Asker: 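This is the structure I have questions about; it appears just below.
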Amino acid sequence: MPSAEAKAAQRLIGPAITDVAGEPAGATQLERLIARYHWTSSYCSGREVAEIACGTGQGLGLLGRNARRLFACDLSDENLDKVRLTYGSRFAIAQADAQALPFEDNSLDVIVLLETLYFLPIPDAFLAEVKRVLRPGGYCLLSCINKDCPDFNPNHPLYFNHYGAPQLSEKLRQHGFEPECFGIIPMDQPSIRSRVFKPLKQMAVRLNLIPESMQARLLLKRIVFGRLDLMPHDISVLAPPIVAPASISSDVPDLVHQVVLCAGVKS
């Protein structure tokens, strides 16, 4: 069962910070989601897998294509209800605190945590749990918005920590994992729209003017990204990414990619 601290954090954060199925999403948001789940699914073939903080479950269908068994875990009952509506009984579903995983020692091959590590007040508690639960040779798969990317917004009100490739790698090494890092969503050749709005975004970040309400953020998305599409309930029906994740150094800040992917193998 989730701890009292986890439940309190969930009340503060709520389900709305995730990529929510059925809600409007920008093209880059969808591109990021598709890229990270295709990368993740490549580690799941024939393995027992758990996605922690799965949200409303858009990536579960893709992971489930390859995994021998897949567990869908989230702290939010509302999110898990949407998972059940999409997939029925196809996957095992559990309400779970990322810092107290409901699995036996040495029982899984892959644990996935995407775009969530910075929301955890005690990330070391999560990584200690991952080490406990994974079998030798198992994988901890992480993705984080890259703090070293020039357009990173450090003022998100719910971030406990910021991560680039070196910080993710160091965390994994501290818990007995050997990391390998990749980057997605290169920002070295931005679109015309991105170039036009970048100075305005940087000014908003400096002045702490990024809106906190979902309604205000949605309006900002429409201004910056134009037409929005609905976030699908299952991205396995969508085309895979055209460009594969780029291998990057685990020890040097990556100044190009918006998102860092990190695979840590348990020794």
Side-chain angles (χ1 to χ4, degrees), residues 1-23 33 36-37 40-41 43-44 47-135 138-144 156-161 175 214 231-236:
M1 292 294 291
S3 67
E5 292 82 1
K7 291 179 179 178
Q10 176 59 38
R11 288 194 296 271
L12 173 64
I13 296 172
I17 62 168
T18 61
D19 296 315
V20 178
E23 292 194 356
L33 185 80
R36 70 183 186 240
Y37 273 107
T40 303
S41 69
Y43 290 85
C44 295
R47 291 169 169 157
E48 291 190 275
V49 180
E51 183 180 8
I52 311 303
C54 68
T56 50
Q58 297 92 302
L60 293 170
L62 190 57
L63 301 183
R65 281 182 179 177
N66 293 336
R68 178 158 56 92
R69 189 180 186 191
L70 178 60
F71 296 89
C73 304
D74 200 89
L75 194 58
S76 165
D77 286 326
E78 183 179 344
N79 283 344
L80 293 176
D81 285 342
K82 292 182 180 180
V83 171
R84 292 184 183 95
L85 285 174
T86 301
Y87 299 103
S89 59
R90 182 177 168 188
F91 309 120
I93 295 173
Q95 187 181 32
D97 178 354
Q99 298 169 143
L101 298 178
F103 301 106
E104 299 294 328
D105 295 359
N106 303 304
S107 60
L108 295 178
D109 302 302
V110 180
I111 291 180
V112 179
L113 186 79
L114 304 179
E115 309 289 333
T116 303
L117 191 67
Y118 28 63
F119 296 125
L120 299 182
I122 311 175
D124 291 295
F126 165 72
L127 291 170
E129 280 289 270
V130 173
K131 184 177 181 181
R132 176 184 67 80
V133 169
L134 284 180
R135 299 173 178 127
Y139 285 94
C140 175
L141 303 179
L142 304 172
S143 77
C144 283
H156 193 296
L158 299 176
Y159 283 1
F160 285 96
N161 297 284
H175 289 271
M214 292 305 293
M231 177 67 68
H233 290 262
D234 179 1
I235 63 168
S236 66

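Worth saying up front: this structure is predicted, and the values here are computed from it rather than measured. Below, each value reflects all heavy atoms present in this structure, side chains not excepted, and no hydrogens, waters or symmetry copies.
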Asker: Can you name the nearest heavy-atom pair linking Leu60 to Val83, along with the distance?
Answerer: CD1-CG1, 3.7 Å

Asker: May I ask you to decide whether Lys82 forms a salt bridge with Asp74, counting only side-chain N to carboxylate O separations under 4.0 Å?
Answerer: no

Asker: Output yes when a side-chain donor or acceptor of Arg47 lies under 3.5 Å from a complementary backbone atom of Ala67, and no otherwise.
Answerer: no

Asker: Can you measure from CG (Leu127) to CD1 (Ile111) and round to the nearest 0.5 angstrom?
Answerer: 10.0 Å

Asker: Can you name the nearest heavy-atom pair linking Gly61 to Ser236, along with the distance?
Answerer: C-CB, 3.9 Å

Asker: Taking side chain as C-beta onward, heavy atoms only, is His175 less than 4.5 Å from Phe126?
Answerer: no

Asker: Between Leu134 and Cys140, what is the shortest heavy-atom contact and its length?
Answerer: CD1-N, 3.9 Å

Asker: Hey, is the main chain of Cys44 close enough, under 3.5 Å, to the side chain of Asn66 for a donor-acceptor pair?
Answerer: no

Asker: Which is it for Phe91 and Phe71 under the ring pair (Phe, Tyr, Trp, His ring centres under 6.0 Å) test, yes or no, and what are the steps along the way?
Answerer: CA-CA 6 Å; Phe91 309 120; Phe71 296 89; over 10 Å; no

Asker: Apply side chain to side chain contact (heavy atoms under 4.5 Å, CB included) to the pair Met231 and Val20, showing each step before the final yes or no.
Answerer: CA-CA 7 Å; Met231 177 67 68; Val20 178; over 6 Å; no

Asker: Does the side chain of Val49 reach to within under 4.5 Å of the side chain of Thr40, using non-hydrogen atoms?
Answerer: no

Asker: Minimum heavy-atom separation for Asn161 to Tyr118, with atom names?
Answerer: O-CB, 3.1 Å

Asker: Counting C-beta onward and ignoring hydrogens, is there a side-chain heavy-atom pair between Val112 and Tyr43 closer than 4.5 Å?
Answerer: no

Asker: Return the CG to OG1 distance between Asp81 and Thr86, rounded to the nearest 0.5 Å.
Answerer: 11.0 Å

Asker: I want to check something: taking the side chain as every heavy atom from C-beta on, are Leu33 and Glu115 in contact at a cut-off of under 4.5 Å?
Answerer: no

Asker: Distance from Ile235 atom CD1 to His233 atom NE2, nearest 0.5 Å?
Answerer: 13.5 Å

Asker: Can you measure from CZ (Arg69) to CD (Glu48) and round to the nearest 0.5 angstrom?
Answerer: 6.0 Å

Asker: Any heavy-atom pair between the side chains of Ile93 and Arg84 that's under 4.5 Å?
Answerer: yes

Asker: What are the two closest heavy atoms between Thr56 and Ala21, and how far apart are they?
Answerer: OG1-N, 3.0 Å

Asker: Please report the shortest heavy-atom distance between Ile52 and Phe103, naming the atom on each side.
Answerer: CD1-CE1, 4.3 Å

Asker: Would you give the length of the straight line joining atom CG of Leu114 to atom CG of Leu63, rounded to the nearest 0.5 angstrom?
Answerer: 8.0 Å

Asker: Calculate, to the nearest 0.5 Å, the distance between atoms CG and NZ belonging to Asp105 and Lys131 respectively.
Answerer: 12.0 Å

